[in-house]
Amino acid sequence: MGDQLIRFVTRSGHFRAIVAVTTELCETARVMQGTDPTATVALARVATGTALLGGLLKGRQRLVLAIEANGPLQKLHAETDADGHVRCSVKNPLADLPPRNDRFDVAGAVGRAGFLHVIKDLGLKEPYRGMVQLQTSEIGDDIAYYLTVSEQVPSSVSLGVSLGPDAGVQAAGGFIVQALPGCPDEAIGEIENRILKLPPLSEMLREQVPIRDILGKLFVDGDMNKAESIPLSFRCNCSREQVARMLRNLGRKELAGMTEGEETVDVTCEYCRRVYRFEPPELDG
């Protein structure tokens with residue numbers, strides 16, 4: 001089975017759960033971005049977190065998650081829609097950092113000082129924009145902090161990434177558990193204890209533990225409602241027409257500087273790395 005997202009609200013109505021397996025789309029992103037191992041883990045966490053947040057969308061809604069900080073990666077960016085299409089990029093794909101305590105130093109690669117931005121296109125006149133300061137730079141913690149503080153929904157977020165001997169993405173995925181209005185404090189405490197007792201998510205994903213079994217460690221069977229599942233995939237919506245329009249909007253002076261000497265203009269998509277080549281006459285008007 002390929003990448004997928006499962007979401008449901010418990011029968012008690014106390015919790016919303018979203019779980020995703022993102023191995024294939026994260027490996028696609030690794031190849032396209034040319035990341036080193038630490039950058040791969042960071043980018044996979046951002047892509048997975050964005051896919052999970054996409055589980056809260058519907059219809060034609062879209063969401064952007066971006067992290068900008070003072071680490072060597074500089075900026076991580078991901079987008080998704082309600083249909084499970086994800087694309088992502090990293091400004092500097094080479095973190096060039098050694099492991100810390102036998103773990104990839106994701107926090108060091110991201111940077112300790114920075115911000116997490118969320119932009120939602122909900123089909124309204126203006127998009128919703130939220131921003132929080134990074135708390136741990138481990139990405140999952142920062143997404144949970146954003147949901148709890150900015151959107152006022154107490155949330156727990158776990159993201160897991162495991163790399164193979166060739167540094168490719170062997171397994172990736174994550175979950176969000178949110179306490180809904182009216183949820184008793186004792187129920188929240190019980191879920192928090194179960195989450196703390198979980199084996200490392202990256203290990204469970206690497207061992208191909210079924211999603212339902214992971215959920216079974218969090219919720220009793222009687223409280224697991226019928227779940228909705230959607231496929232996830234890496235998909236970039238760039239096009240030649242879109243890039244040409246962007247170039248024309250730069251203005252005559254800047255465009256003239258790019259086409260000086262009647263040379264072609266090459267534009268590389270930051271997500272899928274596709275190269276679009278334009279001759280100067282194509283950009284007139």
Nearest heavy-atom contact between Ala187 and Phe15 is O-CZ, 3.5 Å
Val149 reachable from Tyr146 in the ILVMFWY side-chain graph, under 4.5 Å edges:
yes
Are there more than 12 heavy atoms of other residues, nucleotides or ligands under 6.0 Å from atom CZ of Arg129? no
Is the CG atom of Asp102 crowded by more than 12 outside heavy atoms at less than 6.0 Å?
no
As a quick check of understanding, evaluate side chain to side chain contact (heavy atoms under 4.5 Å, CB included) for Phe115 and Leu134, giving each step before the final call.
CA-CA 5 Å; Phe115 296 89; Leu134 297 178; 5.7 Å; no
dist Gln152:CD -> Thr148:OG1 (nearest 0.5 Å) comes out at 8.5 Å
Quick one, Arg274 and Cys236 - any side-chain contact, counting heavy atoms below 4.5 Å? no
Exactly one candidate in Thr50, Asn237, Asp81 meets side-chain contact (heavy atoms from CB on, under 4.5 Å) with Arg87; the answer is Asn237
Could you check, using the six-membered ring where one of them is a Trp, whether Tyr271 and His77 have ring centers closer than 6.0 angstrom? yes
CD (Glu207) and OG (Ser202) are apart, to the nearest 0.5 Å, by 9.5 Å
| Would a 4.5 Å heavy-atom cut-off, applied to side chains only, mark Val267 and Val265 as touching? | yes
**Q.** Side-chain donor or acceptor of Asn92 paired with backbone N/O of Pro72 under 3.5 Å
**A.** yes
Contact check, side chains of Leu163 and Arg30, non-hydrogen atoms, under 4.5 Å:
no
Minimal heavy-atom distance between Gly49 and Ile143, with the atoms involved, is CA-CD1, 3.7 Å
Value for CG (Leu94) from CG (Leu73), rounded to nearest 0.5 Å, stands at 9.0 Å
Rounding to 0.5 Å, atoms SG (Cys272) and CZ (Arg235) come to a distance of 12.5 Å
Margin query: Is the shortest side-chain heavy-atom distance between Pro231 and Gln4 below 4.5 Å?
Written below: no
In terms of heavy-atom contacts, Glu27 and Val169 come closest through OE1-N, 2.8 Å
Co-membership, hydrophobic cluster, residues Leu232 and Phe175, 4.5 Å side-chain: no
Exercise. If Ile, Leu, Val, Met, Phe, Trp and Tyr residues are connected whenever their side-chain heavy atoms lie under 4.5 Å apart, and connections chain through other members, are Val106 and Val90 in the same group?
Worked result: yes
Margin query: Could you check whether atom CG of Asp96 has more than 12 heavy atoms from other residues, nucleotides or ligands sitting under 6.0 Å from it?
Written below: no
| query | So do Ile6 and Ile18 actually touch side chain to side chain, heavy atoms under 4.5 Å? | reply | no
On a heavy-atom basis, the closest approach of Gly111 and Ala69 is O-CB, 3.9 Å
One should read off an interatomic distance between Leu205 CG and Ile211 CD1, to the nearest 0.5 angstrom, of 8.5 Å
Look at the side-chain heavy atoms of Ile, Leu, Val, Met, Phe, Trp and Tyr, link any pair under 4.5 Å apart, and say whether Leu97 and Val161 land in one connected group.
no
- prompt: Backbone N or O of Leu25 within a donor-acceptor pair of the Asp3 side chain at under 3.5 Å?
  reply: yes
Item to complete: Report yes if the side chains of Ser89 and Gln33 come closer than 4.5 Å at any heavy-atom pair, otherwise no.
Response: yes
Report task. Under the side chain to side chain contact (heavy atoms under 4.5 Å, CB included) rule, what do Ile67 and Leu65 come out as? Steps first, then yes or no, please. Result -> CA-CA 7 Å; Ile67 293 176; Leu65 187 151; 4.1 Å; yes
Checklist entry - Do Ile195 and Ile214 share a hydrophobic cluster (ILVMFWY, side-chain heavy atoms under 4.5 Å, transitive)? => result yes
field: Ser150 side-chain N/O to Gly130 backbone N/O, donor-acceptor pair under 3.5 Å
entry: no
message = Let's go through Gln178 and Ser155 carefully: what are the C-alpha distance in whole Å and the side-chain angles of both, what is the deciding distance for side-chain hydrogen bond (donor to acceptor under 3.5 Å, both in side chains) to 0.1 Å, and is it a yes or a no?
response = CA-CA 4 Å; Gln178 296 185 309; Ser155 305; 3.1 Å; yes
Using only heavy-atom distances, determine whether the side chains of Thr22 and Thr48 contain a donor-acceptor pair under 3.5 Å.
yes
Separation between CG (Leu63) and CG (Leu52), nearest 0.5 Å, reads 11.0 Å
Tightest non-hydrogen contact, residues Cys26 and Ala47, listed as SG-CB, 4.2 Å
The single option from Arg45, Arg112, Arg100 that satisfies salt bridge (charged side-chain N to carboxylate O under 4.0 Å, His left out) with Glu138 is Arg45
Go through it in stages, so that I can follow the logic: the residues are Arg7 and Ile176, the test is side chain to side chain contact (heavy atoms under 4.5 Å, CB included), and I'd like the CA-CA distance, side-chain angles, deciding distance and then a yes or no. CA-CA 9 Å; Arg7 58 192 175 192; Ile176 293 176; over 6 Å; no
Notebook entry, point to check: Between the side chain of Asn70 and the main-chain N/O of Ala113, is any donor-acceptor distance below 3.5 Å?
Noted result: yes
Does any N or O in the side chain of Asp142 come within less than 3.5 Å of the main-chain N or O of Ser137, such that one atom is a donor and the other an acceptor? yes
Review point. Should Tyr145 and Gln133 count as side-chain neighbours, where that means a heavy-atom distance under 4.5 Å?
Key: no
* On the ring face of Tyr276, is Arg240 found with NZ or CZ under 6.0 Å from the centre and within 45° of the axis? -> no
*Would a line drawn from the ring center of Phe8 to the ring center of Phe219 be shorter than 6.0 Å?*
yes
For Glu270, the salt bridge (charged side-chain N to carboxylate O under 4.0 Å, His left out) test, sequence neighbours excluded, returns none
- Query: Do side-chain atoms of Asn249 reach the backbone of Arg245 as a donor and acceptor pair under 3.5 angstrom?
  - Reply: yes
Exam field: side chain Gln61 to backbone Lys58, donor-acceptor pair closer than 3.5 Å
yes
Salt bridge (charged side-chain N to carboxylate O under 4.0 Å, His left out) filter on Glu151, not counting sequence neighbours, yields Lys120
For Asp185, is the CG atom crowded, meaning more than 12 foreign heavy atoms sit under 6.0 Å from it?
no
On a heavy-atom basis, the closest approach of Ala109 and Thr38 is CB-CG2, 3.8 Å
Report task. Indicate yes or no for a side-chain donor-acceptor contact from Asn101 to the backbone of Arg103 under 3.5 Å, with no hydrogens or angles considered. Result -> no
request  = Output, in order, the C-alpha distance, side-chain angles, deciding distance and verdict of side chain to side chain contact (heavy atoms under 4.5 Å, CB included) for Lys217 and Arg194.
outcome  = CA-CA 7 Å; Lys217 298 177 184 296; Arg194 291 186 179 185; over 6 Å; no
Looking only at side-chain N and O atoms, does Thr35 offer a donor or acceptor that is under 3.5 Å from a partner on Thr40?
yes
pair Leu53-Thr80: side-chain heavy atoms closer than 4.5 Å | no
